[in-house]
S.K.: 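A single structure is presented below for examination.
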Amino acid sequence: MRKAGRHFLQIPGPSPVPDRILRAIDMPVIDHRGPGFADLGHRVLSGVQRIFKTTQPVIIYPSSGTGAWEAALVNTMSAGDKLLMVETGHFASLWRALALKLGLQPELIETDWRRGADPDLIEKALRADTNHEMKAVCVVHNETSTGSTSRIADIRAAMDATGHPALLLVDTISGLASADFRFDEWGVDVAVSGSQKGLMLPPGLSFNAVSKKALAVGANATLPNSYWQWSDMIEANARGYFPYTPATNLLFGLAEAIDMLEEEGLDNVFARHKRHAAATRAAVNAWGLEVQCTVDSEHSPVLTAVRVPEGCDADHLRAVILAECNTSFGNGLSKIAGKVFRIGHLGDINDVTLAGTLSAVEMGLHLADVPHQSGGVQAALDFMKSTREAKTKAA
Ligand SMILES: *Cc1c(COP(=O)(O)O)cnc(C)c1O
């Protein structure tokens with residue numbers, strides 16, 4: 001049966017693609033080796049550098065984020081190398097599984113999946129590694145399965161305090177362009193990202209930002225790589241081209257996304273996400289439900305994972321909301337399947353989008369008989385009214 005109105009895609013990636021980006025992608029394909037292509041190539045390659053806040057090369061792959069995870073490892077590591085990884089949630093676990101398949105040896109710092117990576121524990125593990133066998137520390141900036149962020153600048157400082165030479169590899173697939181990220185300033189060595197989250201694009205592009213140190217370490221690394229090889233990319237990119245066929249039309253979209261982010265201003269984009277996350281937590285508190293992340297300074301600006309009461313099934317709730325409100329929320333993954341649902345509040349959204357999104361949750365909680373108090377939507381509106389009022393009065 002036809003459902004009137006737009007589907008609300010409120011999962012934490014892919015995020016809804018703004019009409020402006022859809023229009024930008026809707027173009028005839030051009031010759032990626034022709035004389036006109038380099039303008040587009042240079043435009044997106046320099047644009048993504050500004051988004052990552054780096055003057056270092058950013059490589060753009062035609063792949064999902066998982067490809068860029070693999071690229072980060074196969075360009076810097078040799079068979080059997082040790083890594084330090086932090087199991088902040090499902091995505092950190094998947095990156096570890098990938099490292100194992102590549103023949104690497106990840107040592108794991110476990111968490112309760114309710115917080116970001118602890119810089120002190122990373123420092124301790126590096127200090128214990130007196131022979132410097134660990135070649136990289138791998139952390140997820142925004143853990144999309146739990147709604148917690150890791151404090152990358154603090155992790156860098158903890159690493160520096162030890163004098164350990166390991167590289168810092170950061171997955172900011174769902175963080176970039178929604179949560180503050182500063183590649184150069186924070187001393188990240190490889191940052192991994194994707195197109196379908198904060199960049200508001202369809203799935204299909206991924207990124208590696210690469211430090212000088214990562215390039216130098218990579219020159220002596222021996223894991224086989226070909227499609228993912230940085231050096232071929234960097235050489236062709238210098239002229240505005242790619243060594244193989246790029247996802248041309250997604251690059252049209254990427255250029256538009258960069259324009260949109262810069263028109264709003266990255267700092268305003270980050271503040272908007274933080275404010276919507278706080279409004280969402282106000283709703284969750286009013287419903288009497290629990291947020292998955294338990295550390296105040298580590299709440300994600302991108303999504304909020306909400307725990308359902310004991311004995312309730314979060315997937316049943318999501319199914320009811322989809323059927324009755326035409327709204328999609330993210331499911332709980334692996335360890336927390338059925339226990340949480342995830343509200344995406346990333347990308348091109350405003351106060352009214354969020355109010356609609358939270359209304360779908362409140363309707364669903366009622367219709368699926370999940371024990372809760374009403375008034376969550378009102379609490380979020382009150383929060384958004386008060387913060388907007390403070391701003392308009394100050395202006
Ligand atoms: C989405 C996501 C991934 C996986 O990206 P794919 O594009 O699905 O390959 C990895 N890590 C994080 C943190 C993510 O949010």
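Both counts, for ligands and for their atoms, begin at 1 and track the order of listing.
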S.K.: Do His141 and Ser150 get their side chains close enough for a donor-acceptor pair, meaning under 3.5 Å?
M.R.: no
S.K.: For ligand 1, does Val140 get within less than 4.0 Å through its side chain, its backbone, both, or neither, judged by non-hydrogen atoms?
M.R.: side chain
S.K.: For atom 15 (O) of ligand 1, what's the nearest protein heavy-atom neighbour? Residue, atom name and distance, please.
M.R.: Thr144 OG1, 2.4 Å
S.K.: For atom 8 (O) of ligand 1, which candidate among Gln196, Glu143, Glu70 provides the closest heavy atom?
M.R.: Gln196
S.K.: Which heavy atom of Cys312 sits nearest to which heavy atom of Val370, and what is that distance?
M.R.: SG-CG1, 4.2 Å
S.K.: Applying a 4.0 Å heavy-atom criterion (strictly less than), which segment of Thr66 is in contact with ligand 1: side chain, backbone, both, or neither?
M.R.: both
S.K.: What part of His141, side chain, backbone, both or neither, has a heavy atom within less than 4.0 angstrom of ligand 1?
M.R.: neither
S.K.: Looking only at distance, does Asn142 have an N or O less than 3.5 Å from an N or O of ligand 1?
M.R.: no
S.K.: Classify the contact between Lys197 and ligand 1 as side chain, backbone, both or neither, using a heavy-atom distance cut-off of under 4.0 Å.
M.R.: side chain
S.K.: Backbone, side chain, both or neither: what part of Trp69 comes under 4.0 angstrom of ligand 1, heavy atoms only?
M.R.: side chain
S.K.: Does Ser64 reach ligand 1 with a nitrogen or oxygen that is under 3.5 Å from one of the ligand's nitrogen or oxygen atoms?
M.R.: yes
S.K.: Mark yes when over 12 heavy atoms from residues, nucleotides or ligands other than Lys53 sit less than 6.0 Å from its NZ; otherwise mark no.
M.R.: yes
S.K.: I need the atoms of ligand 1 closer than 4.0 Å to a non-hydrogen atom of Ser174, numbered in the order shown.
M.R.: 13 (C), 15 (O)
S.K.: Would you find more than 12 non-hydrogen atoms of other residues, nucleotides or ligands less than 6.0 Å from Lys101 atom NZ?
M.R.: no
S.K.: Do Glu264 and Asn268 meet the criterion of a side-chain donor-acceptor pair at a distance under 3.5 Å?
M.R.: no
S.K.: Report the nearest protein non-hydrogen atom to atom 11 (N) of ligand 1: residue, atom name, distance rounded to 0.1 Å.
M.R.: Asp171 OD2, 2.7 Å
S.K.: ring-ring contact (aromatic ring centres under 6.0 Å, His included) for His164 and His132? Distances and angles first, verdict last.
M.R.: CA-CA 7 Å; His164 194 293; His132 293 174; 4.5 Å; yes
S.K.: What is the ring orientation for Tyr227 with Tyr244, classed by angle as parallel under 30°, tilted 30 to 60°, or perpendicular over 60°?
M.R.: parallel
S.K.: Under a 3.5 Å cutoff, is there a donor and acceptor pairing between the side chains of Thr149 and Asn142?
M.R.: no
S.K.: Does the side chain of Ser206 pick up a donor-acceptor pair with the side chain of Ser63 at under 3.5 Å?
M.R.: yes
S.K.: Looking only at N/O atoms, are Phe91 and ligand 1 under 3.5 Å apart anywhere?
M.R.: no
S.K.: Provide the number and element of each atom of ligand 1 under 4.0 Å from a heavy atom of Gly65.
M.R.: 5 (O), 6 (P), 7 (O), 9 (O)
